[in-house]
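Counting convention: from 1, in listed order, for ligands and their atoms alike.
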Amino acid sequence: MAVPCVRVDREAGERTRARLAEADLIDETHEIVSAEGSLYIPVSDPDAVPDSFEVVERSVPRRETQTTPADLLDFTPSYERLGDVVIIDEDDPTRAEQLAEAIVASDIPCETVLNRASKIQGERRVRDWELLYGDRTEAIHREYGYEFAVDLADVYFSPRLATERHRVVEQVAPEEHAFDMFAGVGPFAIPMAGHGAEVVATDINDVAIEYCRENARRNGVAERVTAIHGDVREIAPDYAGWGDRIVMNLPHSADEFLDTAVELAGEECVLHYYDIQHEDDPFGPGTRAIREAADDYEVTVETERVVRSYAPHEYNVVLDVRLSR
Ligand code: SAM
């Protein structure tokens, strides 16, 4: 059966395998194949593979020793893994039970099976879950060499943003001041500190901020991360003019926080602005809102990027915008 694989020259094979493994993207249920001078590395989520890699469909042998949930079912299952927590999205209770049983009986590491029970909702951007197996909702997720503890019942987290976070983190310079306005458990803040930035991370969810602090310690960057619980609008006056880089990952309502971002911005500052917009004009509304809020600055849009599809005809997008006084 053909599966998505990253194709690389054999010489770059081990380096690439290690990078994909760090991002938890290797499909361990299929063999890596070497052919015609290339290595074919099966990947679990082709959309999350960085653009710098080539993804192709290739027939590779299934690993003999692994039993997958698909082997045990008469339908093709879809699931996501966050450490040893497996996440499914099944409305039909019978199918949900069957899938949970197959996941537990398969060889994939699993301590918990969670079914999505609501949309992401409310100010804290958390969803309800149905616990189908296990007794905890906490996961340890690995991404690009960092480790994040996260309790899905209490905080927002999406492993699908791994590539996008990595793209932002790669731009960070040592000693710069990076302010993450909506930090969650720290998946932007902590790697930015890992790149040498001094980071301030705020979140209105006290549980998220506790995890952010724990994750900073876990990854050895606690001395460079100041995690503050509260509404960023109330915290911003203490950091007015401080930011060289500002991350705004609250896509449905980031525009309401642009005045706060401008208050935080230094003389020269890069804004990473996440938005959800219609495919007809995915970047226009954000660009106009930023220009209006930052009218004291020269505003240069450096990147317009579709992060992923959000709903039919709607995209989750990012703008990297330079503000120069
Ligand atoms: N950046 C994190 C990530 O990538 O996993 C979390 C992003 S999540 C979409 C948005 C976060 O913003 C939530 O954790 C929520 O609690 C927080 N939030 C919402 N309103 C806020 C406010 N006024 N001030 C600070 N944080 C806020």
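Side-chain contact between Thr68 and Ile108 is absent, with no heavy-atom pair separated by less than 4.5 Å.
For atom 26 (N) of ligand 1, the nearest protein heavy atom (residue, atom name, distance) is Ile204 N, 3.1 Å. Residue, atom and distance of the protein heavy atom nearest to atom 10 (C) of ligand 1 are Asn249 O, 3.5 Å. Of the protein's heavy atoms, Phe182 CB, 3.2 Å lies nearest to atom 12 (O) of ligand 1. Atom 24 (N) of ligand 1 has Val232 N, 3.0 Å as its closest protein atom, hydrogens excluded (heavy atom only). Looking only at protein heavy atoms, the nearest one to atom 13 (C) of ligand 1 is Asp203 OD2, 3.5 Å. Of the protein's heavy atoms, Glu123 O, 3.2 Å lies nearest to atom 19 (C) of ligand 1.
At a 4.0 Å cut-off, at least one heavy atom of Phe257 sits close enough to ligand 1 to count as contact. At least one heavy atom of Pro187 sits less than 4.0 Å from an atom of ligand 1. Put simply, no part of Gly186 is less than 4.0 Å from ligand 1, judged by heavy atoms.
Glu138 and Tyr211 form a side-chain donor-acceptor contact under 3.5 Å, judged by distance and modelled atom types alone. Side chain to side chain, His229 and Asp206 fail the donor-acceptor criterion of an N or O pair below 3.5 Å. Side-chain contact, Ser34 with Arg10: a donor N or O sits under 3.5 Å from an acceptor N or O.
With a heavy-atom cut-off of 4.0 Å, Met181 touches ligand 1 through its backbone alone.
Considering backbone and side-chain N/O atoms, Thr202 never comes within less than 3.5 Å of an N/O atom of ligand 1. Looking at ligand 1, you'll find an N or O of Asp231 within less than 3.5 Å of one of its N or O atoms.
Ligand 1 places these atoms under 4.0 Å from at least one heavy atom of Phe188: 1 (N), 4 (O). Listed by number with element, the atoms of ligand 1 under 4.0 Å from a non-hydrogen atom of Gly230 are 24 (N), 25 (C). Remark: ligand 1 atoms within the under-4.0 Å shell around heavy atoms of Ala183 are 1 (N), 2 (C).
If you chain together hydrophobic residues whose side chains sit under 4.5 Å apart, Val301 and Tyr273 fall into the same group. Tracing side-chain contacts under 4.5 Å through hydrophobic residues (I, L, V, M, F, W, Y), one reaches Ile32 starting from Leu20; they form part of the same cluster.
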Checklist entry - Could you walk me through whether His166 and Glu164 pass the side-chain hydrogen bond (donor to acceptor under 3.5 Å, both in side chains) check? => result CA-CA 5 Å; His166 187 61; Glu164 169 55 23; over 6 Å; no

Item to check | Worked verdict on His30 versus Tyr40 for ring pair (Phe, Tyr, Trp, His ring centres under 6.0 Å) | outcome: CA-CA 10 Å; His30 289 88; Tyr40 294 83; over 10 Å; no

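Taking the six-membered ring where tryptophan is involved, the planes of His177 and Trp242 are essentially parallel, since the angle between them stays under 30° and well short of 60°.
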